[in-house]
Engineer: 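So that we are looking at the same thing, I have put the structure below in structure tokens.
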Amino acid sequence: MYEVLAEVVRNGFVESRHYGSVAGLAPDGALAYARGNPDETVLPRSTTKPFQALACLRAGAPLAGERLAIAAGSHTGEDFHVKTVEAMLADAGLGADALRCPPTWPEDEAAKAALIRAGEGESRVRMNCSGKHAAMLAACAANGWPADTYLDPSHPLQLAVRQTMADASGEEPAPVAVDGCGAPLFGLTLTGLARAARSLVLSGEARPVADAMRAHPEYVGGTGHANTEFMRALPGTVAKGGAEGVFIAATADGRAVAVKVIDGSPRATTAIALRALAALGADTRPADPLGAVPVLGGGRPVGEIRTTEEGRP
């Protein structure tokens, strides 16, 4: 049964409630914080990206620094993101036309406005998943695998992704779905997803991914992005959000949380994750501003989105 994880309060009145589940692991890996149904299977959406990046590393893709961070990220389509993705593709002997993610506008509003002024439109390289797709194509180039079918679940790269997720989570990923960008999406329990998040900071093999994300958080998100600011506020912590209200975070010493808001809204996921990490003993005070989500009326704050504990604020 799901629990109330957050409430939207307007002028003292509870206007809306976000139900869901949370799995929180102690540094030793034990489930030490549980809300709702942490053993329910979820589709992890873009929280999968760090493990897809790791699979590409395992497959021999030449990824490091900013390139590895953007492979694990959901970038906002700013010019520096595009430059990095294009360089990754060029080094693999490919162009942007090799990407199989859909064309979109950049999420960054300033970048979108600049494109409109220049008379340009949507593109695949501006899509928030293009870094991941470029990394997948780099892995294909490194192994001589076909590039035109790299999103097929039976492709060697996607089989490697599934195995990487199994290794990180300690469970067999299922079901197999299709993510918004077209890539295969493998389900995990929320607890399994928390174990995977924990592996990013503790596994020697996965540490390059975590280190790249922490060193270059602007490539994991972008200017003002919640994931970027989360990692800047809490150095040593890895954070990655996903569509439909999914969020993971892990501290350097192995505290890890996985969040699923069942209505799919992401507006409270950062605050919920911070509360869970604090309950696990992490010092999250430097990130307190990220957990303060105002409710506006007439352009000014008239309330807040507040997290709850066991259905109570």
Side-chain angles (χ1 to χ4, degrees), residues 3 5-6 20-40 42 44-51 53-54 69 72-73 164-165 167-171 188-215 217 220-221 226-242 245-261 266 268-292 307-310:
E3 292 187 28
L5 302 180
S21 303
V22 184
L25 306 182
D28 64 0
L31 182 65
Y33 183 87
R35 304 283 306 278
N37 187 3
D39 294 324
E40 184 176 48
V42 302
R45 302 303 297 268
S46 284
T47 65
T48 303
K49 286 180 179 176
F51 314 105
L54 177 56
T164 299
M165 292 185 65
D167 294 342
S169 65
E171 58 188 46
L188 294 173
T189 68
L190 203 59
T191 300
L193 185 58
R195 283 195 296 266
R198 181 174 177 271
S199 76
L200 285 174
V201 295
L202 296 184
S203 165
E205 184 184 39
R207 276 291 297 278
V209 177
D211 288 346
M213 294 172 70
R214 293 181 286 205
V220 179
N227 294 172
T228 298
E229 298 308 318
F230 193 111
M231 289 187 282
R232 284 178 172 163
L234 301 176
T237 299
V238 171
K240 184 70 189 75
V246 187
F247 193 98
I248 61 171
T251 62
D253 63 357
R255 293 175 173 86
V257 298
V259 175
K260 169 63 179 180
V261 173
T269 53
T270 297
I272 294 166
L274 286 170
R275 179 152 188 166
L277 284 175
L280 291 167
D283 181 6
T284 61
R285 288 174 295 178
D288 280 351
L290 297 177
T307 57
T308 66
E309 184 65 38
E310 296 180 356

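What you are looking at is a predicted structure, and each value in this text was computed from that prediction instead of being measured.
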Engineer: Given Arg275, which of Thr270, Thr307, Thr308 fulfils the side chain to side chain donor-acceptor pair (under 3.5 Å) condition?
Structural biologist: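 Only one option passes, and that is Thr307.
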Engineer: Please give me the minimum heavy-atom distance between Leu25 and Leu31, naming the atom from each residue.
Structural biologist: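 Taking every non-hydrogen atom into account, CD2-CA, 3.8 Å.
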Engineer: May I ask you to test the Leu234-Thr251 pair for a side-chain heavy-atom distance under 4.5 Å?
Structural biologist: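 The answer is no; the side chains never approach within 4.5 Å.
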Engineer: Can you tell me how far the CG atom of Asp39 sits from the OG1 atom of Thr189, to the nearest 0.5 Å?
Structural biologist: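 Output value for this atom pair is 6.0 Å.
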Engineer: Could you pull out the closest heavy-atom pair between Leu280 and Ala256, with the gap in Å?
Structural biologist: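 Closest pair (atom of Leu280, atom of Ala256, distance): CD1-O, 3.8 Å.
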Engineer: Does a side-chain heavy-atom distance below 4.5 Å link Ser21 with Arg35?
Structural biologist: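 A side-chain contact is absent here, since even the closest heavy-atom pair is not under 4.5 Å.
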Engineer: What is the distance from atom CG of Leu54 to atom OG1 of Thr164, rounded to the nearest 0.5 Å?
Structural biologist: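 Rounded to the nearest 0.5 Å, the CG-OG1 separation comes out at 5.0 Å.
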Engineer: Enter the distance from Ile248:CD1 to Arg45:CZ here, rounded to the nearest 0.5 Å.
Structural biologist: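 Those atoms lie 14.5 Å apart.
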Engineer: Is there side-chain contact between Tyr33 and Val257, with heavy atoms separated by less than 4.5 Å?
Structural biologist: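 The answer is no; the side chains never approach within 4.5 Å.
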Engineer: Taking all non-hydrogen atoms of both residues, which atom of Leu290 and which atom of Ala233 are closest, and how far apart?
Structural biologist: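 The pair with the smallest heavy-atom distance is CD1-CB, 4.5 Å.
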Engineer: Is Lys260 salt-bridged to Glu40, cutoff N-O under 4.0 Å?
Structural biologist: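 No salt bridge links Lys260 with Glu40.
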Engineer: Between Leu200 and Phe51, is there a side-chain heavy-atom distance shorter than 4.5 Å?
Structural biologist: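 A side-chain contact under 4.5 Å exists here.
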Engineer: Considering only NZ, NE, NH1 and NH2 on the basic side and carboxylate oxygens on the acidic side, decide whether Arg214 and Asp211 come within less than 4.0 Å.
Structural biologist: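 Yes, this pair counts.
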Engineer: Quick one: closest heavy-atom pair of Arg198 and Ala26, and the distance?
Structural biologist: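 Heavy atoms only, the tightest pair is NE-O, 3.8 Å.
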Engineer: Got a second to check how far Asn227's CG is from Lys49's NZ, nearest 0.5 Å?
Structural biologist: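 Separation between the atoms: 10.0 Å.
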Engineer: If you look at every heavy atom in Ala239 and Val220, which pair is closest and at what distance?
Structural biologist: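 In this case the closest contact between Ala239 and Val220 is O-CG1, 4.2 Å.
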Engineer: Do you know which two heavy atoms are closest between Pro44 and Leu188, and how far apart they sit?
Structural biologist: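 What the structure gives for the nearest pair is CD-N, 4.3 Å.
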Engineer: How about Val246 and Val259: do any of their side-chain heavy atoms sit closer than 4.5 Å?
Structural biologist: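 A side-chain contact under 4.5 Å is absent here.
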